[in-house]
Amino acid sequence: MKYKHNEIEKKWQDKWEESGTYRLSNKLSKEKKKYVLDMFPYPSGATMHVGHLEGYIGTDIVSRYLRMNGFSVLHPMGWDAFGLPAENYAIKTGIHPDRSTHQNIEIFKRQLKISGLSYDWSHEIDTSDPDFYRWTQWLFIQLFKKGLAYKKKAAVNWCPKDETVLANEQVINGKCERCDTDVVQKELDQWFFKITAYADRLISGLKRIDWPEEVKLQQKKWIGKKEGIIIKYKVEDSDFSVDCWTSRPDTNFGATFIVISPESSLVNKLTKEKYKKEMQEYVRRCQNTSKDDRISERREKTGVFSGSYAINDLNHERLPIWVSDYVLTEVGTGAVIGVPGHDKRDFEFAHTFGLLIKRVIVGKDKSRLPITKIDQVQEEGKMINSEFLDGFSTKKAISKMMDYLVEKGWGKKETHYHLRDWLISRQRYWGAPIPMVYCEDCGWQPISESDLPVLLPKDVDFLPHGDSPIARSKEFQKNVKCSKCGKSGKREVDTMDTYVDSSWYFIRFVDSKNQDQFASLENTSRWLPVDIYVGGGHVVQHLLFARFFWKFLYDEGLIDKKLGDEPFLRLKAPGWILGPDSRKMSKRWGNVVTPDDIIPKFGADVLRLYEMFMGPFEVVKPWSITGVEGMDRFLKRVWNLFNSHKEIYKDDKNLQTLMHQTIKKVTNDIENFRYNTAISSIMQYVNFMRDNGVDNESLRVLCKLLAPFAPHMMEEVWVNILKEKFSVHSSFWPKYEEKLAKNSAVSLVLMVDGHPRGELSLSGVEVSKEEIIDLAHKNERVNKAIGQRKVKNTIYIERKLLNFVTK
RNA sequence: GCCGAAGUGGUGGAAUGGUAUACACGCACGCCUUAAGAGCGUGUCCCGCUUAGCGAGAUGUGGGUUCGAGUCCCGCCUUCGGCACCA
């Protein structure tokens, strides 16, 4: 009997949907819940490819496994539907983003469904649906009320020709990706979320969660907490001073100049008449330099002397004050203390302009001579030429110097973070409108919550015209009232960063149809936090933002405190799947493999098994069509095994042992996302049965073990061959017995000096170490290997090996 | 430059510090077929020998710890990912 995957897969998919096999019922127990979540996809115009599917198959397997273990599993799917690509597509083709996005969603959804994924679609969400973004807007208002959303001026990438704001990804080498015009920085009033208020907790919370260490490290690095000190330098012949923040005050005796950023408000005050003209020109030039150019490391250092000097209180030395664009306004205080001997950037600057270079750290080569080459610039070591710090390590010197400066009143300790507040304003159309109204009397006021959602107007021309597209809607500004005083006001015309949507969607999933609340306390308490979260790619920021929102809701009591203040307890990141040519899948290389290329020919079960068998879940791996064919052969063998109950085994110890070993292995492997080895052990089990025969129990177990991986064929087998009650996916996962999983016959390795020299078969009976040593000495090869030497030591590991050491 | 991950057959990969190369892919030969395909079987790291076997070597590279290292420690090389003038 031939297995017709197309027919059978369709048949069971329909049956599962019709009987609600994966639907959650409210009767299920509260304690045994699991929330298994995929990072929801952006439904882009390019179709889904097999790479997207890797994570989805992984969560599907674990979800099915958990259900079979008696858990009620929330496993939802939805759409990160707002975003720039749809808008750009609209600009190019005139097709409204709403239309193109929803067409894409249909394609994605069909592809997920034919893959046999067990999502409970009754929880589906779409971030571009007013039902969803109403609560995104509501969240904004909660943050605003707590002072965590605020407006301030900030620079954006601006294309003067297209008259539009560009996202960082649209800026290629400092030029607009569409028209190649040089991108400039433009200051606009924009909304921010104060994520920095949570910086410390975003670090400390990492300790409590089961995430890959490298992801945690990346988060820590992104937050970039650094202890430092602000040192005040008096400016000579004036009554003001320059504040420099540094984490390395230990090298302060090596300071020879100060550099401030061109954007600093001090530039004008400090620049002496003689240098004014040159300075103005320099500052103007910096303004017109794109960020990319400014950052590119290869660029020579530039700068202009201000004519002013600051005084280093430590040694009363005069420090010339320069202006240079290698100093960034946003970092520290926007003013840097130049230590050219022990900082490469400062060295380059000093070298270019002929400034003094002092050594205060002994070189790696023990050198105490002046520093003349960049290779000699070294950040750590033993202090010299630094009075009271001499002889100390840099590490010790940092704290000594900090204390000293604080005591003298010259400095103030201050912790700085790399993390900045989150700029969420987008001068774009396809996003959630920011629910704020500007009133001449009351300033910025939120929409009253009962008036939500602020609908995204549809009558918008989204071609770039130099302002936010929504500003051109005729409807949008009609009858707008200040929620505080009732006077007419003007709506905010910017939309929110789509990261805002994706930072809380996982909460909406637990109660996606709720019309009165973002999610009920009952449902959040029942399902959250997320037990297993799977996804990769752009994750660093997403995870930080989502953790920030969660902590905020936690603090506000909008979710139950007993849920803890971390939303994702366990994280797994699937590795990329490369094309068959080992390059990243892309239209450009013509190496994209989609589920539609594979499923019609081989079926979803083959695709699922193959993807999980390719290699470790977290690792990058190339696609191979011959590998798919191999998996097709394997599944055919499985099908034949179930169809030809040729020899029936009775009471066979080997088969039973292997069965328990396989259950154990597959169970542990699924728990740890080691699907490739789970499948290989199932293969060994199948091979054994094919060669040696089967019995009823071993077949039933095989069907269950394989059910999460190949759900369609196993359902067919379960119902129509094994004649069991529908559905295998609601049956119980097999249990193994430790005792039965142990081989009764053990082959013990005999070694001499660590080299294998033979083996000893021990069956069942317990044998003592002494008896084994006796037996080993009867082995010819062992004796030959020992030869005339004396055995000095004997190492015995039960059931494993015996090693005679003669050396 | 900094941070992180990884280097094992022709290929994807397996291996709680305990017989390296499981499980697959590919290839070769054979069986079955008029034939092709499918299916099944056998073989497949490398060198040597007195060749049903035996012995030596091999997990990027050089050291170290250990009775024993792919696995742990130190140095170097290569590849991939992230960040990048962060003071």
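Because the structure is predicted, anything quoted here is derived from the model rather than measured. Lettering follows sequence order; numbering is per chain, from 1.
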To the nearest angstrom, the CD1-P distance between A:Ile786 and B:G55 comes to 13 Å
Picking from B:C23, B:C85, B:U19, the nucleotide nearest the side-chain atoms of A:Tyr326 would be B:C85
Query raised in the report: Is the backbone N or O of A:Met713 less than 3.5 Å from a side-chain atom of A:Asp605, with the two atoms forming a donor-acceptor pair by type?
Result: yes
When rounded to whole Å, the CD to P distance for the pair A:Glu300 and B:C85 reads 17 Å
Closest to the side chain of A:Asp325, out of B:C85, B:C67, B:U19, is B:C85
Inset, instruction - Give a yes or no on whether a donor-acceptor pair under 3.5 Å exists between the nucleobase atoms of B:C67, that is its base, and the side chain of A:Lys792. - result: no
Taking the C1' atom of each, how far is B:G13 from B:G70, in whole Å?
13 Å
Out of B:G41, B:U19, B:A56, minimum distance to the side chain of A:Arg757 belongs to B:A56
Ranking B:C2, B:G18, B:G26 by distance to the side chain of A:Ile797, first place goes to B:G18
**OP:** Please state the P separation for the pair B:A5 and B:G9 - nearest whole angstrom.
**Re:** 22 Å
Rounded to whole Å, the CD-P distance (A:Glu379 to B:C3) equals 11 Å
*Can you check whether A:Trp222's main-chain N or O pairs, donor with acceptor, with A:His418's side chain at less than 3.5 Å?*
yes
Looking only at atom P, what distance separates B:U59 and B:C46, rounded to whole Å?
16 Å
Base orientation of B:G9, chi within 90° of 0 counted as syn, else anti, reads syn
Think A:Arg781 has a side-chain N or O under 4.0 angstrom from the OP1 or OP2 of B:G55? yes
Identify whether any heavy atom of A:Ser747 sits under 4.0 Å from a base atom; if not, whether one sits that close to sugar-phosphate; answer base, sugar-phosphate or nothing. base
(message) Looking at A:Asn676, I'd like to know whether one of its side-chain N or O atoms comes within less than 4.0 Å of OP1 or OP2 on B:C23.
(response) no
Exercise for review: Mind checking A:Val259 for me? I need base, sugar-phosphate or nothing, with any heavy atom below 4.0 Å counting as a touch.
Suggested key: nothing
Any strand, both distances under 3.5 Å, Watson-Crick or G-U wobble: B:G4 pairs with B:C80
**Q.** Presence of A:Arg674 side-chain N/O under 4.0 Å of B:U16 phosphate oxygens OP1/OP2
**A.** no
* Across the strands shown, which category fits A:Phe804 at heavy-atom distances under 4.0 angstrom: base, sugar-phosphate, nothing? -> nothing
Quick note, A:Ile795 side chain, CB onward, closest among B:C2, B:C67, B:U19 is B:C67
From the candidates B:A22, B:U19, B:A14, the one with an atom nearest any side-chain atom of A:Gln684 is B:A22
Q.
If the threshold is 4.0 Å, N to carboxylate O, is there a salt bridge linking A:Glu618 and A:Lys572?
A. yes
Assess whether a salt bridge exists between A:Glu379 and A:Lys344, defined as any Lys/Arg side-chain N lying under 4.0 Å from an Asp/Glu carboxylate O.
no
_Any base atoms under 4.0 Å from A:Gly630, or only sugar-phosphate, or nothing? Heavy atoms, all strands._
sugar-phosphate
Across every strand shown, the nucleotide meeting Watson-Crick or G-U wobble geometry with B:C85 (both distances under 3.5 Å) is none
Are the side chain of A:Tyr610 and the backbone of A:Ser624 linked by a donor-acceptor contact shorter than 3.5 Å? yes
Of the listed B:U19, B:C67, B:C83, the closest approach to the A:Trp222 side chain comes from B:C83
Taking a pair to mean Watson-Crick or G-U wobble geometry with both distances below 3.5 Å, B:C31 pairs with B:G39
inquiry  = Within the supplied structure, the quantity of interest is the number of heavy atoms (other residues, nucleotides, ligands) at a distance under 6.0 Å from A:Lys400 NZ; does it exceed 12?
reply    = no
Practice problem: If the plane angle is over 60° it's perpendicular, under 30° parallel, otherwise tilted; pick one for A:Trp322 and A:Phe305. | Solution: tilted
Please give the distance between the P atoms of B:U44 and B:A52 as a whole number of Å.
15 Å
| said: Ignoring hydrogens and geometry beyond distance, is the side chain of A:Lys800 in donor-acceptor contact with the base of B:U16 at under 3.5 Å? | reply: yes
Rounded to whole Å, CG of A:Leu750 lies from C1' of B:C67 at a distance of 15 Å
To the nearest angstrom, the NZ-P distance between A:Lys220 and B:C2 comes to 20 Å
Is there a donor-acceptor contact under 3.5 Å from the side chain of A:Tyr796 to the main chain of A:Glu770?
no
task = Determine the contact category for A:Arg637: base if any of its heavy atoms lies under 4.0 Å from a base atom, sugar-phosphate if only primed atoms, P, OP1 or OP2 are that close, otherwise nothing.
result = sugar-phosphate
Mate of B:G10 across any strand shown (Watson-Crick or G-U wobble, both atom pairs under 3.5 Å) is B:C25
**P-based separation of B:C74 from B:G81 [nearest Å]** = 26 Å
query: When all nucleic acid strands are considered with a 4.0 Å heavy-atom cut-off, which category describes A:Asp343: base, sugar-phosphate, or nothing?
result: nothing
Whole-Å distance, A:Leu578 CG to B:U79 C1', equals 13 Å
Under a 3.5 Å limit on both distances, the Watson-Crick or wobble mate of B:G55 is B:C47
#### Entry: Phosphate OP1/OP2 of B:A38 contacted by A:Arg633 side-chain N/O (<4.0 Å)
no
Per nearest nucleotide of RNA chain B, the residue lying toward the 5' end, A:Lys221 or A:Arg248, is A:Lys221
Rounded to whole Å, the CE-C1' distance (A:Met683 to B:C25) equals 10 Å
Partner of B:C67 under the Watson-Crick or G-U wobble criteria, both distances under 3.5 Å, comes out as B:G18
* Taking the P atom of each, how far is B:C47 from B:U33, in whole Å? -> 38 Å
Just checking A:Leu801: base, sugar-phosphate only, or nothing, at a heavy-atom cut-off of under 4.0 Å?
base
Winner on side-chain proximity to A:Ser624, out of B:C25, B:G12, B:C67, is B:C25
Rounded to whole Å, the CZ-C1' distance (A:Phe617 to B:G12) equals 17 Å
Give the C-alpha distance, both sets of side-chain angles, the deciding distance and a yes or no for side chain to side chain contact (heavy atoms under 4.5 Å, CB included) between A:Ile598 and A:Val606. CA-CA 9 Å; A:Ile598 305 299; A:Val606 170; 5.6 Å; no
Taking only the P atom of each, what is the distance from B:C80 to B:C29 in whole angstrom?
38 Å
**Report entry** A:Phe257/A:Phe349 under ring pair (Phe, Tyr, Trp, His ring centres under 6.0 Å): CA gap, chis, key distance, verdict
**Finding:** CA-CA 10 Å; A:Phe257 57 92; A:Phe349 190 74; 5.6 Å; yes
Side-chain atoms of A:Arg690 come closest, of B:C40, B:U19, B:C85, to B:C40
Worksheet item: In whole Å, what separates the P atom of B:A24 from that of B:G18?
Response: 24 Å
Ranking A:Ser681 and A:Thr677 by the position along RNA chain B of their nearest nucleotide, the one closer to 5' is A:Thr677
- Give A:Glu759 one of three labels, base, sugar-phosphate or nothing, depending on what nucleic acid heavy atoms sit under 4.0 Å from its own. base
Side-chain contact check for A:Lys301: nearest option of B:G82, B:C85, B:A14 is B:C85
Notebook entry, point to check: Quick one: is A:Asn687 getting a side-chain N or O under 4.0 Å of the B:A24 phosphate, OP1 or OP2?
Noted result: yes
